[in-house]
Asker: 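This structure is in structure tokens; I'll ask about it shortly.
Positions are given from 1 along the sequence. In each ligand, atom 1 is the first atom listed, and ligand 1 is the first ligand listed.
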Amino acid sequence: MKSGAGSLAKELASIRVLVPAVIVAATALAYYSYRYAHELARRGEQSIMDTNRDLAEGMVKRIEQLVVDSDRTLFELVDLRNLREFPRRWSDIVRLSPAIESALILDSGLRIVPDGYVSKKHSKAEVELFRRLFEREIRPKLDLESLAPDEHKHLHREFDGRYYLISYTRRNVDGRPYYIALEGDLAYLVGEVFPESFAGVDARRLYQVIDEHDWVVFGHPFAGIPSKYMVTLTFSKTLYKWRLRMAPREAPVLMAKESTRRAFDVVLIALSAMTVFVGLGLLAMTVRNEQRVSQLKSEFIANVSHELKTPLSLIRMFAELLASGRTKGPESAREYAEIITRESERLSRLIDNVLDFARIERGKVAYEFRVGDLAEVVARGLDVYRHRLEREGMKLQVAIQSNLPPVMMDENAMTLLLLNLLDNAIKYAAEGKELAVSVSTSDERVRLSVRDRGPGIDPQEEDRIFERFYRAKNVRGRPVRGSGIGLSLVKHIAEAHGGGVTVESVQSPAREKGSTFTAWLPVYEAQNPQDLGSSLSPKEETTAA
Ligand code: ADP
């Protein structure tokens with residue numbers, strides 16, 4: 001048994017190392033699964049966003065290219081050597097070219113050359129208004145002097161609450177610089193070029209062109225689109241003040257999916273971690289219990305061996321004395337025989353207990369239940385026991401209530417229960433000299449109580465004394481014989497009968513000390529009163545032994 005306890009201690013030591021290792025492994029696993037799931041989701045999203053960005057970049061490039069190309073073509077058409085032709089030719093060009101609103105030619109002094117301004121604006125007033133705006137506000141912003149020959153630039157700006165796109169270049173003729181400026185038709189750009197350019201974008205995407213105040217110039221409303229799913233790009237060559245924004249149409253769904261997934265991951269990981277921790281906790285508890293039981297078992301084996309050895313040595317010694325005829329007289333021969341009887345009784349009860357206990361442990365115990373009167377069983381048990389009590393010099397009080405209702409019981413088991421309680425009373429409470437046994441009924445229960453005037457039981461141990469192998473602290477190490485299975489048998493028997501066992505104990509010297517063990521059984525409810533027969537013989541008895 002020692003080696004059993006030793007190997008258990010070794011197992012415990014390895015479990016002590018194993019538990020933190022499992023915790024670390026489980027935490028690492030949880031962390032990496034979370035990271036992996038997160039990374040996978042992030043990559044999925046990233047690929048959606050990458051496609052989105054590629055598409056938006058393509059769109060910006062295309063629109064800017066369109067603007068630049070159309071401007072270049074128009075610049076090519078200006079013949080600066082033949083400026084007299086400009087108004088006539090350009091009136092037609094401007095009228096026919098939908099992408100521009102006006103065209104202006106400036107000389108080296110940055111003044112508009114005579115007849116160097118053509119426009120398709122509707123009224124003269126509008127034409128004049130733009131000329132003034134150009135000369136006062138726009139021209140200074142163009143920084144024409146710093147323009148290199150054939151360099152092509154754009155100005156995109158808001159003047160008086162309206163956006164203008166000016167495309168301009170410098171041409172040298174006979175060493176003298178001229179400047180050509182084209183006013184782009186933004187209404188045409190937004191109304192015709194944008195729709196045509198965006199027509200190819202697939203239906204799974206939302207897009208919009210917004211100005212510097214975030215007002216939508218063109219495209220879809222973006223309400224409810226989380227900003228992390230949007231890509232925003234500027235038109236860096238032409239329409240500086242506007243930006244293109246694009247997002248997957250299912251962005252809100254993606255967002256919802258992501259938060260669900262996150263919540264799911266967290267719950268799943270927390271649950272798995274909890275399962276591991278609870279499992280480890282249970283394992284630790286089981287191991288600790290096993291260790292305790294194993295220790296108790298080894299004590300039990302030692303106790304039982306001792307319990308067997310003592311009566312056997314006594315029996316052998318006195319039997320040998322009797323056999324050799326070396327007795328002092330018939331008186332001592334009778335005394336020897338009594339000792340032999342007493343010790344063999346104790347031996348057989350111990351063996352009964354151990355056998356019953358072993359049967360319970362193996363789950364093999366079978367009770368033979370019959371309807372009967374507990375009072376009768378108790379009375380018979382006490383008869384058997386009475387001479388032992390006399391021998392110990394104990395006073396017995398018996399109080400059996402009359403008209404007790406029947407109970408369903410195994411009589412042998414109930415006798416064993418009673419004898420165990422009486423044995424304990426003699427073993428632990430003999431100095432009290434007083435013992436009271438009562439059988440009574442109330443609340444549909446029949447109660448059997450054994451009260452002694454012994455030392456009582458520590459309240460903290462009141463529950464534990466019913467555990468198998470458990471012996472109270474005050475008897476451990478003291479030479480009170482016992483194995484720690486008596487009360488666990490009592491409890492098992494009472495519970496197998498649908499009842500239970502309780503103990504009340506007084507240890508304080510201020511009150512009368514002692515313990516009262518009460519086993520109770522439920523009253524038998526007869527389906528048919530004739531079932532009971534006439535076996536019940538109610539009686540009330542109070543005796544002093
Ligand atoms: P055992 O008597 O073989 O030790 P039991 O299961 O019968 O085992 O009892 C368990 C423990 O309960 C005993 O060791 C003892 O400490 C305590 N005990 C039982 N009966 C009494 C009693 N009448 N008075 C005081 N202590 C008791």
Asker: Can you report which non-hydrogen protein atom sits closest to atom 2 (O) of ligand 1, along with the distance?
Answerer: Tyr428 OH, 2.5 Å
Asker: Please work out which of the three classes, parallel, tilted or perpendicular, describes the rings of His497 and Phe369, given edges at 30° and 60°.
Answerer: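 Judged by the thresholds at 30° and 60°, the geometry between Phe369 and His497 is perpendicular.
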Asker: To check your reading of the model: name the closest protein heavy atom to atom 17 (C) of ligand 1, its residue, and the distance in Å.
Answerer: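 Going by distance alone, atom 17 (C) of ligand 1 is nearest to Ile465 CG2, 4.0 Å.
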Asker: Fit a plane to each ring of Phe466 and Phe517, take the angle between them on a 0 to 90° scale, and name the class: parallel (under 30°), tilted (30 to 60°) or perpendicular (over 60°).
Answerer: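 Because their plane-to-plane angle is over 60°, the rings of Phe466 and Phe517 count as perpendicular.
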Asker: Considering heavy atoms of the protein only, find what lies nearest to atom 3 (O) of ligand 1 and give residue, atom and distance to 0.1 Å.
Answerer: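 So the nearest neighbour among protein heavy atoms is Ser483 N, 2.6 Å.
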Asker: Less than 4.0 Å is my threshold; does some heavy atom of Phe466 fall inside it relative to ligand 1?
Answerer: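 Contact check Phe466 vs ligand 1: negative.
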Asker: With heavy-atom distances below 4.5 Å as the criterion, would you say the side chains of Ser505 and Glu462 are in contact?
Answerer: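 In short, these two side chains touch, coming nearer than 4.5 Å.
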Asker: Could you tell me which non-hydrogen atom of Gly224 sits nearest to which non-hydrogen atom of Pro252, and how far apart they are?
Answerer: O-CG, 3.7 Å
Asker: For ligand 1, is there an N or O atom under 3.5 Å from any N or O atom of Gly486?
Answerer: yes
Asker: Does the side chain of Glu45 reach to within under 4.5 Å of the side chain of Lys228, using non-hydrogen atoms?
Answerer: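 In contact.
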Asker: Polar contacts were defined as any N/O atom of the residue lying under 3.5 Å from an N/O atom of the ligand; does this apply to Ser488 and ligand 1?
Answerer: no
Asker: Does CG in Asp458 sit with more than 12 non-hydrogen atoms of other residues, nucleotides or ligands closer than 6.0 Å?
Answerer: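 More than 12 within 6.0 Å, yes.
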Asker: With a 4.5 Å heavy-atom cut-off, do Leu417 and Leu489 have their side chains touching?
Answerer: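 They are not in side-chain contact.
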Asker: For atom 7 (O) of ligand 1, what's the nearest protein heavy atom and its distance?
Answerer: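 The closest heavy atom on the protein side is Asn424 ND2, 2.9 Å.
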Asker: Does any N/O atom on Ile457 come nearer than 3.5 Å to any N/O atom on ligand 1?
Answerer: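 No; the residue has no nitrogen or oxygen that sits under 3.5 Å from a nitrogen or oxygen of the ligand.
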Asker: Please state which protein non-hydrogen atom is closest to atom 4 (O) of ligand 1 and give its distance, to 0.1 Å?
Answerer: Arg471 NE, 2.6 Å
Asker: Show me which atoms of ligand 1 lie under 4.0 Å from any heavy atom of Leu487.
Answerer: 5 (P), 6 (O), 7 (O), 9 (O), 10 (C), 12 (O), 19 (C)
Asker: Shortest non-hydrogen contact from Ala37 to Arg261?
Answerer: O-NH1, 3.9 Å
Asker: Between Gly484 and ligand 1, does any nitrogen or oxygen pair lie at a separation below 3.5 Å?
Answerer: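 Among all N and O atoms of Gly484, at least one is under 3.5 Å from an N or O of ligand 1.
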Asker: Looking only at protein heavy atoms, which one is nearest to atom 16 (O) of ligand 1, and what is the separation?
Answerer: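 Of the protein heavy atoms, Ala472 CB, 2.8 Å lies nearest.
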Asker: When the ring planes of His213 and Trp215 are compared, do they come out parallel, tilted or perpendicular, using 30° and 60° as the limits?
Answerer: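 Ring orientation, 0 to 90° scale: tilted.
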Asker: Please write down residue, atom name and distance for the protein heavy atom closest to atom 23 (N) of ligand 1.
Answerer: Asp452 OD2, 2.8 Å
Asker: Under 3.5 Å between some N or O of ligand 1 and some N or O of Tyr470?
Answerer: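 So ligand 1 has no N or O lying under 3.5 Å from an N or O of Tyr470.
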Asker: Take atom CZ in Arg391; do more than 12 heavy atoms of anything else shown fall under 6.0 Å from it?
Answerer: yes
Asker: For ligand 1, which atoms, with element, lie under 4.0 Å from some heavy atom of Lys427?
Answerer: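 Ligand 1 atoms under the 4.0 Å threshold to Lys427: 1 (P), 2 (O), 3 (O).
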Asker: Considering the heavy atoms of Ser515, write down every atom of ligand 1 situated less than 4.0 Å from one of them.
Answerer: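 This gives 24 (N) as the contact atoms.
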